[in-house]
Each structure stands twice: as C-alpha cells, then as structure tokens.
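Shown next, in structure tokens, is the structure this report addresses.
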Protein chains: 4
Amino acid sequence: MFELDIRSRKPIYEQLMDNIKELIVTGILKPDEKLPSVRTLSQELTVNPNTIQKAYRELEREGYLYSASRKGYFVAPVDQVEQKDKLKELKETLQALLKEAIYFGLTKETLEEWFDEIKEGGETDDSRQRSNEDV
Amino acid sequence: MFELDIRSRKPIYEQLMDNIKELIVTGILKPDEKLPSVRTLSQELTVNPNTIQKAYRELEREGYLYSASRKGYFVAPVDQVEQKDKLKELKETLQALLKEAIYFGLTKETLEEWFDEIKEGGETDDSRQRSNEDV
Amino acid sequence: MFELDIRSRKPIYEQLMDNIKELIVTGILKPDEKLPSVRTLSQELTVNPNTIQKAYRELEREGYLYSASRKGYFVAPVDQVEQKDKLKELKETLQALLKEAIYFGLTKETLEEWFDEIKEGGETDDSRQRSNEDV
Amino acid sequence: MFELDIRSRKPIYEQLMDNIKELIVTGILKPDEKLPSVRTLSQELTVNPNTIQKAYRELEREGYLYSASRKGYFVAPVDQVEQKDKLKELKETLQALLKEAIYFGLTKETLEEWFDEIKEGGETDDSRQRSNEDV
DNA sequence: GTGGTCTAGACCACG
DNA sequence: GTGGTCTAGACCACG
C-alpha cells in the first residue's frame with residue numbers, strides 16, 4: 001500500500017504525505033474515513049511514530065486530514081471554498097511544470113490524453129476493492 | 001531577473017535552478033548561449049559561489065546546461081531523444097499533480113486554458129520555436 | 001445550546017467549560033439554578049459522562065458552580081470578595097492579550113466599542129444585573 | 001529573560017512561545033532581529049533542541065517569526081494586512097475574556113486604565129537596555 | 001487506545 | 001554553524 005524509499009533524498013514524512021494524498025485523491029480513502037493510528041502505521045512500516053505523526057500533522061495543516069480529539073486522524077471532506085483555494089495554490093506549480101513539459105515537446109493533445117487517463121482511472125472505479133482498477 | 005527569497009524553505013540553489021530553467025524554457029536564454037560566470041553571478045546576487053556552482057552542476061546533470069572545461073556554462077540544445085526522455089520523466093510528476101488538481105476541481109477546459117496561456121506567452125519568441133517545431 | 005467541535009484541538013471538557021461559563025456570564029443561567037445532571041447532559045450531547053463530570057468539577061474548582069452532595073451542580077452566586085479575586089486573576093491574562101492586540105493595531109476606541117458591544121448584548125437581562133450592580 | 005515552569009500544565013514549547021511573543025510585542029525584539037539559535041537557546045535553558053525548534057516553528061506558522069534558509073530564525077515585520085487578520089483573530093478570544101471580566105465586575109474605566117498602563121509601559125519605559133525607543 | 005509532549009542524541013543539507 | 005530529519009523510547013491527557 002505504501003511505497004517508501006529510505007534511500008531517497010525525499011524525507012520519509014514527505015513520501016508518506018505523497019502516498020496518503022494519492023490515496024485520498026484517487027478516492028481510495030473516503031471523506032471521514034479513519035486513518036491507521038500513529039502507532040499502528042509506525043509498526044507496519046517500521047517507521048518511528050514521530051515521523052508518522054509529522055506526516056499526519058502536516059497533512060492536517062494542508063487540509064487533507066483532520067484530527068478528532070484523541071480518536072485519531074480522518075480524511076477531511078473538502079468544501080467549495082477550500083477547493084478553490086487549493087486549486088489556486090496548485091496552479092502555479094502546475095504551470096511551471098507545464099512550461100517545462102511544453103519545452104520538451106508536450107502537445108495539447110498529449111496533455112488532454114493524460115487528463116482523460118486520470119479521469120477514467122478514477123471515475124469508473126466502483127469496485128472499491130480496487131485491486132482490479134486501472135489507476 | 002532572478003527572484004530569490006532567502007526566507008523561503010526552498011534551498012537557494014534550487015531557487016536558482018528554477019529561475020534558470022524558466023529562462024531557458026521560455027526562450028530568453030537561447031541554445032549555446034553562455035551563462036554568467038559563477039563569480040559574476042555570485043557577486044550580482046550576493047550569493048555564495050558554492051551555491052551558484054551547485055545550481056549549475058545540477059542543471060548540467062539534468063541536461064539543461066553543458067560546461068566547456070574552463071570556458072563556463074552554456075545552454076544545452078535538446079535533441080529529440082533527450083526530449084522524449086525528459087518528457088517521460090516529467091509525465092509522472094505532472095500526472096501526480098494533475099490528480100490532485102482534478103480532485104480539487106480542475107476541469108479539462110481550465111487545463112486547456114492554462115496550456116494556451118503558456119503557449120501564447122512563449123510563442124512570440126521564435127528562436128525557441130526551432131527546437132520545439134520538429135517534434 | 002452547546003457548541004462542541006470534536007475536531008477541535010481543544011479538549012471537549014474545556015469546550016464544555018467555555019460553553020457553561022458563557023451561559024453563566026451572559027445571565028442565561030441564573031445564580032442557584034440547577035444544571036442538567038451528568039447523565040442527562042451526557043446523553044444529550046453524546047459525550048462520555050466522565051467528560052461532563054470533569055467539566056463540572058473543574059468549574060466548581062474555579063468558583064462558577066457549587067455541588068450539593070447528591071443533588072447535583074448549581075450556579076454559584078458570586079460575592080464581592082470572590083469577584084475581586086477573580087478579576088485580579090483575569091487581569092494578567094487580559095493584559096497579555098491586550099499587549100498582543102495593541103501590537104497588532106488595537107486602538108482604545110476599538111476596545112471601548114468591543115466593551116460596549118458586550119454590555120449591550122447582556123444588559124437586557126436584568127436578573128444578571130443584580131450581582132453586578134453592587135460593584 | 002525566559003520564565004519557564006516545568007511543573008506547569010502548559011507545555012514548555014507554549015511557555016517559550018508566550019515568552020517570545022511578549023518580547024516581540026513589547027518591542028524588546030525588533031523586526032528582523034535574529035533569535036538565538038536552536039542549539040544555543042537549548043543549552044541556555046537546558047531544554048531539548050526539539051522543543052525549542054517546535055516553539056520557533058509554531059511561531060513561524062503564526063507569523064511572529066520567519067526562518068531564513070539556514071541562517072536562523074528572525075522576528076517577522078508585520079504588514080497592515082497581516083495586522084488586521086491577526087487582530088480579527090484576537091477579537092474573539094478577547095471578547096470571551098472581557099465577558100468573563102465584566103461578569104466579575106470589570107468596568108469600562110478600569111479597562112481603560114489597563115489599556116493606558118500597557119501603552120505607557122511600552123511608551124515611556126526607558127529604563128530598559130533597549131531603552132530609548134518608543135514602541 | 002489514541003494522540004501530544006519531551007528527551008537524548010545521531011546524521012544530513014545548505015552555504 | 002545553522003536548521004531539518006529521524007530514531008528509540010518515556011510519560012501524560014483525554015475519554
């Protein structure tokens with residue numbers, strides 16, 4: 001489920017964040033769904049609890065998770081206002097990357113294909129087991 | 001010309017890289033054009049020479065620049081093979097980002113608009129077109 | 001009546017305390033008025049009885065409530081001595097907060113407005129005046 | 001300079017934050033002034049570096065400090081927009097506290113006196129080291 | 001059982 | 001020299 005590369009230059013807590021974001025963004029983790037407890041995940045991944053906690057907290061700060069008192073961490077539902085803010089945030093990053101990709105030959109057609117690939121991957125997934133899906 | 005934010009969490013050498021990539025990618029820096037020497041740029045930006053050096057080296061490693069022994073660093077022209085490799089590299093990053101953006105409400109239409117914005121912004125410079133047109 | 005936010009970082013028993021203080025302080029709960037029993041409130045709010053108990057005990061300790069052995073918890077009338085003590089306690093906290101607010105641009109005029117807003121909001125309730133007028 | 005009470009229920013990192021806020025808010029620490037390094041302060045206060053770091057980072061998140069690459073932490077100057085936001089944030093807390101204080105007999109006159117004390121304390125206090133300025 | 005705080009201390013990246 | 005990451009592990013508060 002989680003892909004962590006200890007050798008990577010990217011800190012483990014950031015890799016964890018990316019992994020969890022992916023699960024949320026593809027709908028595998030649903031709004032208000034509970035995440036594994038800090039301790040549990042720590043044992044499963046053999047990563048220090050503090051590192052898990054750091055990832056969870058940062059995701060809370062970014063609006064992906066919320067923590068309910070001492071009950072644990074949960075996937076945050078996104079309302080429209082937050083959506084717009086988040087999208088504006090992402091625009092800049094995305095545009096910088098698009099500029100690069102265009103320089104290296106990305107065409108509008110290819111971009112549209114990529115977009116469709118993602119849409120199809122997520123949209124039609126109703127198996128929820130998600131082992132047989134084409135994300 | 002260069003936007004460096006010393007308060008940013010992003011390391012200065014990475015900010016430098018981003019700035020130079022931007023200049024290359026938008027065609028302001030042309031293929032085979034010489035970049036300012038490490039010393040010069042170091043003084044202009046009041047940045048440690050080691051930091052400039054690191055940015056140049058890293059850009060060379062990524063294929064944006066080439067260095068001619070003692071003569072300095074130059075913008076690398078991109079051939080078709082390199083282009084495709086680079087694009088494939090970027091695809092993964094871009095798709096992850098697109099997934100997020102779609103989750104936060106990005107539509108195909110908006111994405112196309114963003115694409116066009118960039119294309120129009122760069123289109124007027126035709127020296128840059130050379131390397132892109134033969135794709 | 002009670003605003004509890006399970007997602008808040010503030011413990012539920014503290015949120016409960018704040019809510020009850022607010023009701024007392026605005027005169028909605030009158031001196032010697034009985035509070036709902038721990039059990040009742042626990043069911044109404046679907047909150048653990050221990051949590052209600054803790055809030056009530058803490059409010060008793062702070063002088064807002066008194067408990068009559070097995071009969072339950074009641075709003076404590078405040079006599080002049082207690083009032084002065086309480087006010088002295090609050091002074092320190094208030095001054096720290098005022099310092100901050102002044103740093104961020106709070107003027108005397110704005111502060112007076114805020115004071116008046118509260119006074120007007122509460123003034124209409126005259127049962128509450130009793131305990132305040134003899135100051 | 002710093003008052004830390006290990007026995008207090010308030011976490012050390014929060015006590016640290018309060019102390020530093022106080023120094024900033026009273027003008028003892030000036031905008032862009034450097035704070036002691038994490039390590040230095042850690043040794044001076046015999047508090048774990050992680051705890052210092054936590055306080056610094058939280059103060060950064062709240063807009064009191066900024067961190068410059070690897071140069072250390074500095075007092076953040078506040079612009080007008082941030083000021084207004086911060087003041088709005090504080091309003092709610094202050095009003096809740098004012099309500100309580102009014103309940104316990106705080107009069108407008110007393111409140112104004114407290115306001116003036118703070119203003120004067122900052123304004124005319126030239127006995128300090130930092131001394132001859134009028135914050 | 002859950003997250004939160006804190007310590008002691010190692011190692012790394014940046015400049 | 002500076003902050004950032006990470007571990008191993010203790011103890012606490014809340015519910």
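Order of the sequence lines fixes the chain letters, A, B, ..., with proteins taken first and strands second; residue numbering starts at 1 for each chain.
- For A/Tyr73, a side-chain nitrogen or oxygen approaches OP1 or OP2 of E/dG4 to under 4.0 Å.
- Near DNA chain F, meaning a heavy atom under 4.0 Å away, there are no residues from residues 16-23 of chain C.
- With 3.5 Å as the limit, one finds no donor-acceptor pair spanning the side chains of B/Arg57 and B/Ser67.
- With sequence neighbours excluded, the residues satisfying ring-ring contact (aromatic ring centres under 6.0 Å, His included) with A/Phe74 are A/Tyr66.
- In terms of phosphate contacts, A/Arg7 brings no side-chain nitrogen or oxygen within less than 4.0 Å of OP1 or OP2 of E/dC12.
- Atom pair D/Tyr56:OH and F/dG4:P shows a separation of 12 Å (rounding to whole Å applied).
- When side chains are defined from C-beta on, C/Glu58 counts as touching C/Arg61, because their heavy atoms get closer than 4.5 Å.
- The distance between atom CG of A/Leu35 and atom P of E/dT2, rounded to the nearest whole Å, is 13 Å.
- Across A/Leu16 and A/Leu4, no two heavy atoms sit closer than the pair N-CD2, 4.0 Å.
- Between atom CG of residue C/Leu65 and atom CE of residue C/Met17 there is a gap of 9.0 Å, rounded to the nearest 0.5 Å.
- Residues satisfying the side-chain contact (heavy atoms from CB on, under 4.5 Å) criterion with D/Glu82, sequence neighbours excluded, are D/Val78, D/Asp79.
- Between the side chains of D/Tyr73 and D/Gln53, no donor N or O sits under 3.5 Å from an acceptor N or O.
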Under 3.5 Å, which N/O atoms of the protein pair with N/O atoms of nucleotides 13-15 of chain E?
| from | atom 1 | to | atom 2 | distance (Å) |
| --- | --- | --- | --- | --- |
| E/dC14 | OP1 | B/Tyr13 | OH | 3.0 |
| E/dC14 | OP2 | B/Lys54 | NZ | 2.5 |
| E/dG15 | OP1 | B/Ile12 | N | 2.9 |

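- Going from atom CD of A/Gln53 over to atom C1' of F/dT7 covers 14 Å, rounded to whole Å.
- For D/Arg39, the listed nucleotide lying nearest its side chain is F/dT2; candidates were E/dG4, F/dT2, F/dT5.
- The distance from atom CD1 of A/Ile52 to atom P of E/dG3 is 11 Å, rounded to the nearest whole Å.
- In this structure, A/Tyr66 places its OH atom 13 Å from P of E/dG3, rounding to the nearest Å.
- We find that CD1 of A/Ile6 is positioned 14 Å from P of E/dC12, with the value rounded to whole Å.
- Heavy-atom neighbours of D/Lys10 NZ from other residues, nucleotides or ligands within 6.0 Å: at or below the threshold of 12.
- In this structure, CD on A/Gln15 lies 9.0 Å from CD1 on A/Ile6, to the nearest 0.5 angstrom.
- Rounding to whole angstrom units, CZ of residue D/Phe74 and P of F/dT2 are separated by 10 Å.
- In this structure, A/Glu58 places its CD atom 13 Å from C1' of F/dT5, rounding to the nearest Å.
- Nucleic acid contact for C/Val47: none, since no nucleic acid atom lies under 4.0 Å from a heavy atom of the residue.
- When all heavy atoms of C/Val38 and C/Pro49 are compared, the pair lying nearest together is CG1-O, 3.6 Å.
- With contacts defined as side-chain heavy-atom distances shorter than 4.5 Å, the pair C/Val75/C/Leu23 does not qualify.
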Exercise for the section: With pairs defined as Watson-Crick or G-U wobble and both distances under 3.5 angstrom, please note down DNA chain F as a dot-bracket string, | for pairing with another strand. Expected result: ||||||||||||||.
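- Contacts of B/Phe104 classified as ring-ring contact (aromatic ring centres under 6.0 Å, His included), with partners at least two apart in sequence or in another chain: A/Tyr64.
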